[in-house]
Amino acid sequence: MSSSAPEQDLSPADLARRDQEEKDRKAREAAEQAQLPYQWTQTIRDVDITAPIPANIKGRDMDVSLTKTKIRVAIKGQEPIIEGDLPHAILVDESSWTLETTSKPPGKEVSIHLDKVNKMEWWAHVVKTAPKIDVSKITPENSSLSDLDGETRAMVEKMMYDQRQKEMGAPTSDEQKKMDLLKKFQEQHPEMDFSNAKMG
């Protein structure tokens with residue numbers, strides 16, 4: 001099975017423009033994320049958040065609450081470092097937080113580990129109020145995806161594609177296929193009225 005490479009149809013100028021747009025998008029995203037009082041990373045299975053805090057803070061000074069759909073991380077008596085609704089559910093029993101001493105100022109950081117309920121989706125942000133990252137640009141960790149056999153890998157990639165489409169309100173691959181088939185059929189049978197055709 002040969003995979004078609006649409007890149008070949010683009011002129012060098014188009015490719016350069018697309019690369020530039022991608023660089024700009026990444027820079028904008030990085031700037032938005034840098035404004036947050038915490039950093040976060042994720043794998044397809046979990047999310048890890050770190051936030052710098054003063055070195056004199058102890059565990060008992062922290063106010064941390066992790067529920068299935070909400071997170072709150074604050075130093076008691078201060079504005080929360082992070083608080084809000086999670087975009088997707090977490091496994092509370094598998095999620096945790098720790099206080100760690102670091103070599104960089106201010107000397108400590110709070111580290112939060114969230115275990116995703118759905119191990120097939122990327123998060124666009126940690127809380128719904130935070131700026132989103134473009135999850136369609138995330139390439140799955142090659143290590144874990146390459147461990148899968150071809151069929152499972154194709155299924156995971158399709159599910160991730162469908163997940164992204166759904167979040168953007170776009171059709172999933174199956175819906176797209178149905179729409180393409182219907183469109184083709186309509187073109188071949190212009191005399192038929194499809195205005196009331198229901199998808200799904």
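Note that the structure is a prediction, hence the values are computed from the model and not measured.
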Does K119, at its NZ atom, have more than 12 non-hydrogen atoms belonging to other residues, nucleotides or ligands within less than 6.0 Å?
yes

Distance (rounded to the nearest 0.5 Å) between K76 NZ and I57 CD1
10.5 Å

Hey, could you give me the CD1/CG distance between I44 and N118, rounded to the nearest 0.5 Å?
8.0 Å

Kindly work out whether a path of hydrophobic side-chain contacts (I/L/V/M/F/W/Y, heavy atoms less than 4.5 Å apart) joins I71 to M62.
yes

Distance check, rounded to the nearest 0.5 Å: T50 atom OG1 versus W97 atom CH2?
14.5 Å

What is the distance from atom CD1 of I90 to atom OG of S95, rounded to the nearest 0.5 Å?
4.0 Å

Close side-chain approach of P131 to L36, heavy-atom, < 4.5 Å:
yes

Between CG on residue D115 and CG on residue L66, distance to nearest 0.5 Å:
11.5 Å

Under 3.5 Å, is there a donor-acceptor pair between the side chain of K58 and the main chain of L99?
no

Considering only heavy atoms from C-beta outward, does the side chain of D48 approach that of H113 to under 4.5 Å?
yes

Pairs flagged by side-chain hydrogen bond (donor to acceptor under 3.5 Å, both in side chains) wherever residues 27-39 is involved - sequence neighbours left out:
R25-E29, Q33-W40

Identify the two heavy atoms, one from P52 and one from P37, that lie closest to each other, and give their separation to 0.1 Å.
CD-O, 3.9 Å

Test I49 against V73 for side chain to side chain contact (heavy atoms under 4.5 Å, CB included), laying out the working first.
CA-CA 10 Å; I49 308 157; V73 179; over 6 Å; no

Residue pairs involving residues 99-110 (criterion side-chain hydrogen bond (donor to acceptor under 3.5 Å, both in side chains); sequence neighbours excluded)
T98-E100

One should read off an interatomic distance between K68 NZ and L91 CG, to the nearest 0.5 angstrom, of 8.0 Å

For residues 77-89, dump all side-chain donor-acceptor pairs below 3.5 Å to protein atoms at least two apart in sequence or in another chain.
| unit_1 | atom_1 | unit_2 | atom_2 | d |
| --- | --- | --- | --- | --- |
| E83 | OE1 | R72 | NH1 | 3.4 |
| E83 | OE2 | R72 | NH1 | 3.0 |
| D85 | OD1 | K70 | NZ | 2.5 |
| H88 | ND1 | E121 | OE2 | 3.3 |
| H88 | NE2 | E167 | OE2 | 3.3 |

Quick one: do K116 and R45 satisfy side chain to side chain contact (heavy atoms under 4.5 Å, CB included)? Show the steps, please.
CA-CA 6 Å; K116 298 176 180 178; R45 289 172 291 281; 5.8 Å; no

Could you walk me through whether R17 and D14 pass salt bridge (Lys or Arg N to Asp or Glu O under 4.0 Å), step by step?
CA-CA 5 Å; R17 191 172 60 245; D14 287 339; 3.0 Å; yes

Side-chain touch R18/E22, heavy atoms, less than 4.5 angstrom:
no

